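Quantities reported herein were computed from a predicted structural model and do not represent experimental measurements.
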Amino acid sequence: MSWTRGRVVASAALLVAGLLAVPSVVPNTVGHLGSLLETFLPWGGLAVPALLVVALLRRSATALVSLALPAAVWIVLFGGRVLPADRAPAAHDLTVLQHNVSDENPDPGGTARALAEAGADLVALEELTPAALPGYAAALAPGHPHHVVVGSVGLWSRHPLADSRPVDIRPAGVGGDWNRGMRSTVRTPSGDVAVYVAHLPSVRIRLPDGFGTGWRDESAVALGAALGAEKLARIVLLGDFNATLDDRGLAPVTSRLTPAEEGFGFSWPAAFPVARIDHVMTRAAVPVTTWTLPATGSDHLPVAARVTW
């Protein structure tokens with residue numbers, strides 16, 4: 001081992017540590033690269049074993065020692081999420097379930113049955129289509145007799161619903177038939193809760209624009225404003241936000257609510273999940289546990305959480 005080789009690897013290790021610790025240093029001015037980094041931030045830890053291999057091949061003591069820094073940063077940020085989650089039922093007031101069921105789902109009937117059997121008090125769905133909606137309504141009705149649908153989002157509840165209405169989260173220039181936000185008061189035995197269901201616009205990686213988050217970020221601002229104006233103290237927000245909790249584009253929402261974030265909880269794509277973009281968040285309530293359910297016919301995994309006041 002030599003202390004004179006491996007300075008390039010050591011520099012790369014310091015760069016990785018810095019990006020993991022402070023991803024906000026990467027600006028969004030060019031292709032929204034900052035948001036792109038934040039979307040896949042936990043995967044930045046893979047740079048450590050890659051650099052370790054190079055350091056061993058170079059037989060560089062300097063490089064090996066330098067790798068301790070990004071490894072330590074990753075452990076501090078994400079190490080706790082690796083630990084097995086406790087699935088024992090914790091004391092809670094409400095169990096909620098959120099699922100983007102996909103408008104291209106080849107088995108909406110099977111998806112509906114799986115959701116009905118999950119045992120949640122509230123079930124929020126996105127990408128509902130007119131053709132599939134009757135199947136979801138029929139499957140969920142026995143356990144969730146109260147429901148409301150606005151555009152392509154819907155909420156099914158064991159408890160009565162009141163004051164249900166659309167929430168306008170349309171980006172500028174999007175037509176009036178684009179309805180992907182709603183709000184309802186859920187009358188639980190322990191008091192009223194404002195429940196929001198939202199599906200923020202999708203993002204794409206395209207040349208020459210890069211990571212296209214403009215519409216999603218506009219929608220997040222509108223949703224954040226609606227949440228800020230909510231008069232009820234308790235809020236539960238359920239939805240597909242097409243953003244991770246680390247993504248600065250979701251800050252108008254995450255700055256107002258407490259997310260359920262136990263474990264990594266990657267929810268997309270269902271075949272090999274790499275990002276948590278489906279979320280449960282609360283105000284004046286505490287998410288005590290959260291987990292993903294087995295895959296359905298959707299390209300997203302269902303996400304469930306227990307909430308206590």
Side-chain angles (χ1 to χ4, degrees), residues 39-40 96-120 122-141 143-144 147-157 166-167 169-171 174-175 177-182 195-206 211-213 215-216 219-220 223 237-245 247 249-250 260 264-281 290-305:
T39 296
F40 301 104
V96 299
L97 174 61
Q98 132 66 27
H99 192 28
N100 179 327
V101 295
S102 176
D103 54 12
E104 298 179 348
N105 191 327
D107 184 23
T111 298
R113 289 189 294 273
L115 298 176
E117 294 168 1
L122 302 178
V123 178
L125 306 182
E126 301 85 47
E127 292 199 13
L128 291 167
T129 65
L133 178 57
Y136 288 109
L140 291 168
H144 305 82
H147 85 277
V148 60
V149 174
V150 173
S152 60
V153 299
L155 177 66
W156 277 259
S157 174
V167 175
I169 57 172
R170 289 175 300 160
V174 175
D177 59 344
W178 192 92
N179 295 308
R180 291 167 51 163
M182 60 155 290
V195 176
Y196 286 74
V197 183
H199 182 194
L200 303 192
S202 299
V203 298
R204 298 286 187 271
I205 300 177
R206 294 193 183 102
F211 193 45
T213 66
W215 277 9
R216 184 207 64 190
S219 194
L223 178 58
L237 170 64
L238 307 161
D240 169 9
F241 302 137
N242 279 298
T244 67
L245 296 174
D247 190 331
L250 200 56
F264 284 107
F266 296 145
S267 62
W268 178 90
F272 187 80
V274 298
R276 182 204 294 254
I277 62 174
D278 302 275
H279 300 288
V280 175
M281 304 187 197
T290 184
W291 67 99
T292 56
L293 279 67
T296 67
S298 171
D299 58 339
H300 293 244
L301 295 179
V303 174

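Residue Trp268 holds its CH2 atom at 6.0 Å from CD1 of Ile277, rounded to the nearest 0.5 Å. Taking CG of Leu155 as the start and CG of Leu125 as the end, the distance is 8.5 Å to the nearest 0.5 Å. Between the NE2 atom in His99 and the OH atom in Tyr136 there is a gap of 6.5 Å [rounded to 0.5 Å].
Checking side-chain atoms of Arg276 against main-chain N and O of Phe264 turns up a donor-acceptor pair under 3.5 Å. At least one donor-acceptor pair closer than 3.5 Å links the side chain of Thr129 to the backbone N or O of Ala132. The closest donor-acceptor contact from the side chain of Ser157 to the backbone of Leu122 lies at 3.5 Å or more, if one exists at all. A distance-only check finds a donor-acceptor pair linking the side chain of Thr111 to the backbone of Asp107 [under 3.5 Å].
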Exercise for the section: Given side chain to side chain contact (heavy atoms under 4.5 Å, CB included), test Asp247 with Arg216 step by step and report yes or no. Expected result: CA-CA 11 Å; Asp247 190 331; Arg216 184 207 64 190; 2.9 Å; yes
Handout entry: Derivation and outcome, side chain to side chain contact (heavy atoms under 4.5 Å, CB included), residues Phe266 and Val274
Key = CA-CA 6 Å; Phe266 296 145; Val274 298; 5.7 Å; no
Problem - Stepwise salt bridge (Lys or Arg N to Asp or Glu O under 4.0 Å) test for Asp240 and Arg180 - result: CA-CA 10 Å; Asp240 169 9; Arg180 291 167 51 163; over 6 Å; no
Problem - Pair Val203-Phe211, side chain to side chain contact (heavy atoms under 4.5 Å, CB included): steps then yes or no - result: CA-CA 7 Å; Val203 298; Phe211 193 45; 3.7 Å; yes
Exercise for the section: Please lay out, stage by stage, how Leu223 and Leu200 fare under the test side chain to side chain contact (heavy atoms under 4.5 Å, CB included). Expected result: CA-CA 9 Å; Leu223 178 58; Leu200 303 192; 4.2 Å; yes
Exercise for the section: Just do the ring pair (Phe, Tyr, Trp, His ring centres under 6.0 Å) check on Trp156 and His147 with the steps written out, would you? Expected result: CA-CA 4 Å; Trp156 277 259; His147 85 277; 5.1 Å; yes
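Side-chain contact between Leu250 and Met281: present, with at least one pair of heavy atoms (C-beta onward) separated by less than 4.5 Å. Contact of the Val303 side chain with the Leu301 side chain is not registered, since no non-hydrogen atoms from C-beta on lie closer than 4.5 Å. Inter-residue side-chain proximity for Glu126 and His300 is flagged as unmet; no heavy-atom pair is nearer than 4.5 Å. Counting heavy atoms from C-beta on, the side chains of Leu238 and Val195 come closer than 4.5 Å.
Annotation for Ala118 and Leu97: closest pair CB-CD2, 3.9 Å, computed over non-hydrogen atoms. Annotation for Ala304 and Thr290: closest pair O-OG1, 2.7 Å, computed over non-hydrogen atoms. In terms of heavy-atom proximity, Thr244 sits nearest to Thr39 at CG2-O, 3.3 Å. Pro166 and Val150 make their closest contact through CB-CG1, 3.8 Å (heavy atoms, listed as atom of the first residue, atom of the second, distance). Across all their heavy atoms, Ala116 and Ala139 have their closest contact at CB-O, 3.4 Å. Taking both residues in full, the closest heavy atoms of Val101 and Leu128 are given as CG2-CD2, 4.3 Å, listed atom of the first, atom of the second, then distance.
Counting heavy-atom neighbours within 6.0 Å of Trp178 CH2, excluding the residue itself, gives a total above 12.
Ser267 pairs in a side-chain hydrogen bond (donor to acceptor under 3.5 Å, both in side chains) with only one of the listed residues (Asp299, Asp278, Asn100), which is Asp278.
Using cut-offs of 30° and 60° on the angle between ring planes, the pair His279 and Phe241 is parallel.
Under 3.5 Å, the side chains of Ser152 and His199 contain no donor-acceptor pair of N or O atoms. For the residue pair Asn105 and Ser298, no side-chain donor N or O sits within less than 3.5 Å of a side-chain acceptor on the partner.
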